[in-house]
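First comes the structure, then the notes that go with it.
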Amino acid sequence: MNCPSLTRRTFIAEVTAAGAALALAPRSAAATTPAPEFRSSWQLMPDRPWAGSEFWTNPMQDWRVAGGRLECFKAAPARNVHVLTRALAPGAGTLTMSVRVGCVGDSAITAGKGAAGFSIGVQGPLQEYRNNLIFGTGLELGLRAKGELFLGRGAQALAKPVALAGLASVELRVALDSPASGSSGRVKLSAHDPANGRLLAELERTDLPANALVGNLALAANFGVAAAGPAAKMKSPPVETGRWWFADWRIAGTKVSSHPDRAFGPLFFNQYTLHARTLKMTVQLPPLGARDEQRVRLQVQRNGAWTTAAEAQIDPAARTARFRVTDWNDDVDTPYRVAYTLRTTDGAATEHGLTGTVRRDPADQRSVAVADISCNAHYAFPNSAAAANVAKVNPDLIAFTGDQYYESTGGYGVDRSGGDASLLDVLRKWVMHGWTWRDVLRDRPSISIPDDHDVYHGNLWGEGGAVAPGADGAAESKGGYKMTADFVNAVHRMQTSHHPDSPAQPGKQGITGYYGPLTYGRVSFAILADRQYKSAPDGKVPPTNTGRADHVRDPNFDPKSADLPGLDLLGAPQVEFLRSWTKDWNGADMKAAISQTIFTAMATHHGRDDDYLRADYDTNAWPQTARNVAVRELRRVFAFHLAGDQHLPAVVHYGVDTHRDGVVAFASPAVNNLYSRRFKPDASGKVIGDFRDSFGHPLTVLACANPKETFRTGVLEAEMDKSAGYGLVRFDKVARTITIECWPLLADPTQRGTQFPGWPVVVSQLDNYARKVVAQLPKLEIRGMTRPVLEVIEEATGETLYMLRLPGTTWTPPVFAPGAYTIRVTEPETGKRHETRGVAAKAENATVLRIEV
Ligand SMILES: [Fe+2]
């Protein structure tokens, strides 16, 4: 299907942040080129929760467009809506602004409660418009339902009675005149009868500091401090709250800057993967209404024209559109456009497009780079520098390894009620993640695995989807999910539905699985879910007597006492997947696993008080036997392990029986660190070398960036002190090396010497099974294959010792015990296969085995 004609439509491309930065007006421009008057257009919008691309509502679930007005239908403090496309610029100038307000239900205002009005010059600590949305405060002025105009808050606030006389709505007007500097900014607030413009009352201040009259413009439904918001710890008297509607918001003046590029939505962001010539893409949309268009199109450019390759219905819970296109030509870069038509109630249509490129599979590229990004507590939202720096290193693939947001993200706490309010609550947090990364996601594949906080858990022992007993945090360690299956599955669709098809069957409660394979750039990845099937400790392991079943403090704790039969880490079906994945080398030279956390217990000290913990059952060092099963599968194919979770950047070499006989793993830094962990194994300060982890596994630390002991107070400075940042893993398929890079949050990755001390770390592919070699098989000389895959099978046990794509056609396979082995050589791409049995391993082996296929 061809793209509909755009002649009668407006086409709006979702612009990039890079473009937005270029489009920013110079600081002095506001006074010389005033923005055109802004008018809200809710009167033309169908009923729906989303306020439109020019607005951001706090929080999303409390707002809706209804009957042509914007309503905040929850009576609660500090609800607000920011306009994204206008701001108060620095410098001298004017602002005139008006809005009509009333109480939801259209009763007389005096029958309502709370207050409604404006926040002007809303600024957060980073003085950036998206940071202002979440962390900003501004000058508050408006109307109290009891019949009072007010201007400012605290001791300097002005207030004046206003006769509302049964009015169901009032027009509030603001006139501001600001000097370039100093403290003589003037603002006048007036209330008018909307029917005839009659002045009801007015208030004025003439002492406003000019530097406070810069930043975002917002409407507020009730003021005060949100119960669980970023400023909740501030002392704030309880405020009366009501439910308010707003209409016809107008903004003009010479101090107003225009930012059409900041409009956000309806195509918020997207993620895609390319695997086995199948493209899967998930597009995240806002909560639309029943009368909005329900279909989204994926279009590709062929012969210069946009052709619709797939259409998808919007998922009513996850608000995603999901595309799956088979027989995708992965040899060429393919520009694409996601298209969606937004209609107003008067019949006008606006075509929105999100454009990007599905990159060709970098199969012939020598090195494939994977960004490892995890744990974003959003203190420095929108983390513009980190996103720009990740774009600079230009990864081939991005792996979001969990905690894409936290319960506290965006303020307003967490809605656990179930149902749509919970879905909108998590959508808002997820969209903040997408807002940060959208420009690096549109042009490269990415995967995203939810960790505990993504499903509103402090810790998650999923037990295959069981129902968690009770709803309090302490019950987490009894296992299962606290949120409903519908909620968890919607999160899984938001984050993982663009992954290659998963072999996972739905678990308990119908909770979906997402583990599975991804082969890209001739690196074969196993995407793992290491929380979802894990056994819970509480009621199974010896009592901890600490008040927390997962935290062991007893210095005499014997970790063997917790290694009990029947305990799962990955669960039997996922282990079965992992086994089949180890056998599948089709199109792959190297292998790696991606999961939420590392399979060792490295951190010794936890949390704000830097508590020493003897052991923590949240780590995947436990259950030990199940952990060793997983590590043995990974080392069998020399698979590197990428993870997040720890907030303690580290490269570790796992041991199973001895040091370094397992695979090498990278725990990436937190993007913004909520909870600090440290590795302080003894008083010596030594952190590099051989250790035992707290569950008894051999552990070799190759690099570690402990957070500082205390943190500076500035937002960005604190994150730098907390070792916040991101990582990158390069798979060199020619040298067969893996290079692990790790940057502090604000470091410029294009400059030398900017990584955390100790990085980059370079390991060889064979380091991922660096067991002591005691014998060798004959030197293999293989003819008739160009890229042979070698499988060495120990005949005494029938077990595959290891499997590896050979770097060439000659190689001398090492083994770890003398004896007889079967040598199987295959080439999965051509189906060629050869097997030699009874090959003897010897300590000194000078023989040659010629294999002719
Ligand atoms: Fe985390």
Side-chain angles (χ1 to χ4, degrees), residues 58 72 75-80 82 88 90 94-95 97 99 101 109-110 112-127 131-164 170 172-191 199-242 244 255 411-412 713-715:
N58 285 320
C72 179
R79 268 54 191 167
N80 50 63
H82 293 238
L88 269 191
T94 62
L95 162 74
M97 191 158 65
V99 72
V101 302
I109 290 177
T110 48
K113 283 188 169 177
F118 304 98
S119 287
I120 293 175
V122 182
Q123 296 179 63
L126 302 186
Q127 302 198 324
N131 186 260
N132 299 345
L133 299 175
I134 306 303
F135 300 103
T137 54
L139 174 67
E140 298 175 352
L141 60 171
L143 171 76
R144 292 194 177 98
K146 65 184 180 187
E148 188 175 78
L149 277 189
F150 73 96
L151 208 168
R153 87 156 116 178
Q156 271 120 50
L158 302 178
K160 185 187 257 185
V162 53
L164 297 173
V170 165
L172 294 174
R173 295 180 194 169
V174 168
L176 172 80
D177 193 347
S178 175
S181 59
S183 294
S184 60
R186 306 167 70 93
V187 67
K188 187 192 280 185
L189 169 71
S190 57
L199 178 69
L200 302 170
E202 64 182 3
L203 269 178
E204 187 171 16
R205 278 182 68 167
T206 58
D207 59 347
L208 299 174
N211 61 9
L213 302 174
V214 175
N216 288 17
L217 297 168
L219 299 176
N222 310 306
F223 293 86
V225 175
K233 292 193 195 95
M234 283 169 43
K235 283 213 165 59
S236 174
V239 294
E240 264 206 343
T241 59
W244 293 89
K255 201 173 157 55
Y412 300 94
T713 50
V715 172

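This is a predicted model, so every value here is computed, not measured.
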* **Identified side chain to side chain contact (heavy atoms under 4.5 Å, CB included) counterpart of Arg205 within the set Leu158, Leu141, Leu176** => Leu158
* Please tell me if the side chains of Ile134 and Asn58 come closer than 4.5 Å, counting only heavy atoms from C-beta onward. => yes
* Asked: Quick one: does Thr137's side chain get under 4.5 Å of Val122's, heavy atoms only?
  -> no
* Asked: When rounded to the nearest 0.5 angstrom, what is the spacing between NZ in Lys188 and CG in Leu151?
  -> 12.0 Å
* Run the side chain to side chain contact (heavy atoms under 4.5 Å, CB included) check on Leu95 and Val187 step by step: do they pass? -> CA-CA 9 Å; Leu95 162 74; Val187 67; over 6 Å; no
* How long is the gap from CG on Leu139 to OG on Ser119, to the nearest 0.5 Å? -> 8.0 Å
* Structure fact -> CZ (Arg153) and CZ (Phe223) are apart, to the nearest 0.5 Å, by 9.0 Å
* To do: Can you establish whether the number of heavy atoms outside Arg173 located under 6.0 Å from its atom CZ is more than 12?
  => yes
* **Distance-minimising heavy-atom pair for Gly124 and Asn132** => N-OD1, 2.8 Å
* Take Ile109 and Leu143, measure what side chain to side chain contact (heavy atoms under 4.5 Å, CB included) needs, and give me the verdict at the end. => CA-CA 10 Å; Ile109 290 177; Leu143 171 76; 4.2 Å; yes
* **Straight-line distance of Asp177 CG to Thr206 OG1, nearest 0.5 Å** => 11.5 Å
* Structure fact -> Nearest heavy-atom approach of Ala78 to Gly224 is CB-O, 3.4 Å
* Side-chain contact test, heavy atoms from C-beta onward, threshold under 4.5 Å: evaluate it for Trp244 versus Asn222 and give yes or no. => yes
* To do: Without swapping roles, check the side chain of Asn131 against the backbone of Leu126 for a donor-acceptor pair under 3.5 Å.
  => yes
* Structure fact -> Of all heavy-atom pairs linking Ala201 and Pro161, the shortest is CB-O, 3.8 Å
* To do: Go through the steps for Val214 and Lys255 under the test side chain to side chain contact (heavy atoms under 4.5 Å, CB included), then give the verdict.
  => CA-CA 9 Å; Val214 175; Lys255 201 173 157 55; 4.3 Å; yes
* **Heavy-atom pair of closest approach, residues Gly121 and Leu217** => N-CD2, 4.4 Å
* Nearest-0.5 Å distance that lies between atom CG in Leu149 and atom CG in Leu189 -> 5.0 Å
* To do: Might you point out which heavy atoms bring Ile120 and Met97 nearest each other, and give the distance in Å?
  => CG1-CE, 3.8 Å
* **Pairwise distance CZ(Arg186) to CG(Leu213) - rounded to 0.5 angstrom** => 13.0 Å
* **Stepwise side chain to side chain contact (heavy atoms under 4.5 Å, CB included) check, Asp207 with Gln156** => CA-CA 10 Å; Asp207 59 347; Gln156 271 120 50; 5.5 Å; no
* Write down the atom of Thr241, the atom of Lys113, and the distance for their closest heavy-atom approach. => O-CB, 3.3 Å
